[in-house]
Structure formats: structure tokens, C-alpha cells
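Labels below follow one simple rule: chain letters A, B, ... track the order of the sequence lines, proteins then strands, and each chain is numbered from 1.
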Protein chains: 2
Amino acid sequence: MDWKNKLRNAGYRITDAREQMMDLLINTQTALSPMQIHKALAEQGSQMGLVSVYRNLAVLQENDLVCMVFAPDGSAAYTAGGIGHHHHVLCQRCLNSASFEGCEGFADLIQEIEAQTQFKVQGHLLQFYGLCSECQKNEIHV
Amino acid sequence: MDWKNKLRNAGYRITDAREQMMDLLINTQTALSPMQIHKALAEQGSQMGLVSVYRNLAVLQENDLVCMVFAPDGSAAYTAGGIGHHHHVLCQRCLNSASFEGCEGFADLIQEIEAQTQFKVQGHLLQFYGLCSECQKNEIHV
DNA sequence: ATGCTTATTGAAAAATATTATCAATAAGGA
DNA sequence: TCCTTATTGATAATATTTTTCAATAAGCAT
């Protein structure tokens, strides 16, 4: 199911603002801050206000159409890749974002944590940071 | 080495503000926001300004005396537990924080990610969320 | 196509969170 | 005890996110 039907089925409307945002996020490799999204759309001629960017990010995120990731500096950035349960690798240099599945290996770790801490584990936050292939090339010449 | 010497050796001074903050963070099970720290210290009679809380959190964090964690809502909170490379489990209900070591199991996962994404992985962000033992008890009566 | 209902938008303002400035104070070595 | 300089508090400046509200537009029913 494409994102439009997903939104429609959830009772949301398909607006220009949402189309522009989805197009941008889908076609951008790097994770973008709300401000960057706003700026990029403005440069494309969009009149959309920053407020709508925030509001729609919330809607899109709620419907699993975009993910929030933490940039290396701790700030929030958004990206459209990835379906189902997955995680992200972010390039520390250019914020290029890739997704991957597989945190099954956690089962053992979670058991150990629960034994050690007496917590009941219910969820996790996992991201990797590194260098994308492009930035690795440039890194050589440092 | 206790935290005072650690700071001293790094060229920082031991001030009332820093002592109050360390005492508070060491004796508090839950992760605290800058605001909560400021409020708690004010209630103890401290005159410390919120600005100093922020500044000293930065200093203490830089010296690995406190850790920043992400609360379930994405906001930053601080806790003093844990030495060396470690991670945290946070209670979603009360923000109780426990630390654990062991992300060795990541070696395989990282190799897989690097193969899949062409990234060179250099670091990671990992936290678990769940219920602490106290909150599990209360959960039963929901 | 047309009208109606209501979600959505933009603009401005409010609320929050964080950082910078600078004179006054205090830590800690001489 | 003095001196140097990191640290502090108060204020202001930035940055970030949310709220409010009238105007607009999406999409269903006609």
C-alpha cells in the first residue's frame, strides 16, 4: 500500500503539503531537520510554513511513513526509508541515512539485562553512526 | 579515582555547584532533566542558577561523570551511574535508570550492516526502555 | 459538477529549551 | 594571604516546538 492510501485509510487527507514533504523525504538520502525540510521546500517554490512541517512530520511519523532519528549532535532529523521494525545507520559527516533490519540478537542481551537490573524490557532505541561509502572516500585524504 | 580528583586532574575546579549536582545525581535513581535538577537543588536551598546546571552538565558529561540519556519522549535527561562503555535501561513510567555493560554481540550485527549498507560503522546509540521492578508491581493493578 | 462538513493551513504569538555575554565571585596555587 | 583565572548568577539572546484561530481546501454526499 502506498503512503497516500495509508494516510487516507487512517482518516487523514492528502494535501499538497504532505505530498511535497513525502516527495522530498523519499528522494533525499540524508536525514533532514524540520528547518532543512522547510528550507528545501521553500527553494522549490513551496509556501508551506514551518509550523506545517512540524505538524505533518508528527502525522507522517505516527503512520510510520517517516522515522525520526537522532543526529550525532542529538538533534532530531527525519527520513523516509525503512518499513516494519528497522533501525538506521547515519553518516556522521553528511547525515546520509540507511536502514537495516535485524535486532533479533537482542533476545539474549535483553534476558541478561532483565536478570541484572530487574527491569522488564519493552522497547529499545538503536542507531549506528559511521561513514557512508562516499564520505569514506573523502576521509582518505584527511 | 573519585569524581573530584577526576575533575581536578582535568583542570576543573571543585565548586559547590558541582558538588551539589553530583550528590544529587549520585543519590537519585531516576534520570533528571536540567530543569528537574535545578528545581531539586533549589528545594535543598541552593541558589544555583539554571544556567550553571547546563554548564556543569556539559563539564560533567565531558569527563564521563554523568551520562545523557533520552527519555521516552525524546528529551534529554542525566544520570550518574555507569563507568566505562555501558548503556542504560530507563523505566518508561518513572524514569528509573539502570546501567549495564555488554554490546559485544554487536560485532556480528555491525559486520552485517557494513555489508548491507556500505557504511563504515564507528559508534552506536543504544538504550532500552521498560518497567523497573517497582513499577512492574504497580502495573499489575491497572 | 456543486455544496457541505471538517481537517488542514498560515501567520502570529506563546511556551520551552539552550546558549552567549559580562561583571562579580570564589577556587586553589604561590 | 594574595593573585590569577575559572566559575557563577543575572540578563538577554537564540533556537526549538507548540498553541491559537480565522481562512482555506480535501473529499464525501448530493
**Item:** Rounded interatomic separation in angstrom, taking CG from B:Leu50 and P from D:dT7
**Value:** 18 Å
**Request:** For the pair B:His85 (side chain) and B:Glu101 (backbone), establish whether a donor and an acceptor sit closer than 3.5 Å, ignoring hydrogens and angles.
**Result:** no
**Request:** Determine: side-chain N/O of B:Thr15 to OP1/OP2 of D:dT8, distance under 4.0 Å, yes or no.
**Result:** yes
**Asked** Hey, is the main chain of A:Ser75 close enough, under 3.5 Å, to the side chain of A:Asp73 for a donor-acceptor pair?
**Response** yes
**Prompt:** How sharply is the helix from C:dA1-D:dT30 to C:dA30-D:dT1 bent, taking the axes over five pairs at either end and rounding to 10 degrees?
**Reply:** 40°
**Request:** List the steps, then state whether salt bridge (Lys or Arg N to Asp or Glu O under 4.0 Å) holds for B:Glu139 with A:Lys120.
**Result:** CA-CA 11 Å; B:Glu139 191 73 358; A:Lys120 173 70 187 159; over 6 Å; no
**Aromatic ring proximity, centroids under 6.0 angstrom, A:Phe70 and B:Phe70** = yes
**Prompt:** What's the CG-C1' distance between B:Leu41 and D:dG9, to the nearest Å?
**Reply:** 15 Å
**Asked** Quick one: does A:Arg18's side chain have a donor or acceptor within less than 3.5 Å of a partner on A:Arg13's backbone?
**Response** yes
**Item:** Atom-to-atom span, CD of A:Gln47 to C1' of C:dT9 - whole angstrom
**Value:** 12 Å
**Asked** Starting at CG of A:Asn9 and ending at P of D:dC28, how long is that distance when rounded to a whole Å?
**Response** 11 Å
**Request:** Take atom CE of A:Met48 and atom C1' of D:dA25, then tell me their distance rounded to the nearest Å.
**Result:** 15 Å
**Asked** Can you tell me if A:His87 uses its side chain to pair, donor with acceptor, with the backbone of A:Leu126 under 3.5 Å?
**Response** yes
**Message:** Once you apply a heavy-atom cut-off of 4.0 Å, does A:Arg55 come out as touching a base, just sugar-phosphate, or nothing?
**Reply:** base
**Nucleotide of C:dT9, C:dA20, C:dT18 approaching B:Pro34 most closely (side-chain heavy atoms)** = C:dT18
**Message:** Looking at the base of C:dG29, is there any donor atom on it, or on the side chain of B:Arg13, that sits under 3.5 Å from an acceptor on the other one?
**Reply:** no
**Complete:** Assign each of B:Arg8 and B:Met35 the nucleotide of DNA chain C bearing its closest heavy atom; nearer the 5' end lies the nucleotide of B:Met35
**Message:** Without decimals, in angstroms, what is the distance between A:Asp16 CG and C:dA7 P?
**Reply:** 19 Å
**Asked** Are B:Phe100 and B:Leu90 joined in one hydrophobic group, where the rule is that I, L, V, M, F, W and Y side chains link up if heavy atoms are under 4.5 Å apart?
**Response** no
**Phosphate-side-chain proximity, B:Ser52 and D:dG9, N/O vs OP1/OP2 below 4.0 Å** = yes
**Message:** At 4.0 Å (heavy atoms only), tell me whether B:Ala76 reaches a base, stays on the sugar-phosphate, or touches nothing.
**Reply:** nothing
**Request:** Identify which nucleotide among D:dT7, D:dA26, C:dT9 has an atom closest to any side-chain atom of A:Ala17, counting heavy atoms from C-beta outward.
**Result:** C:dT9
**Request:** Verify the contact: side-chain N or O of B:Tyr54 to OP1 or OP2 of C:dT19, cut-off strictly under 4.0 Å; return yes or no.
**Result:** no
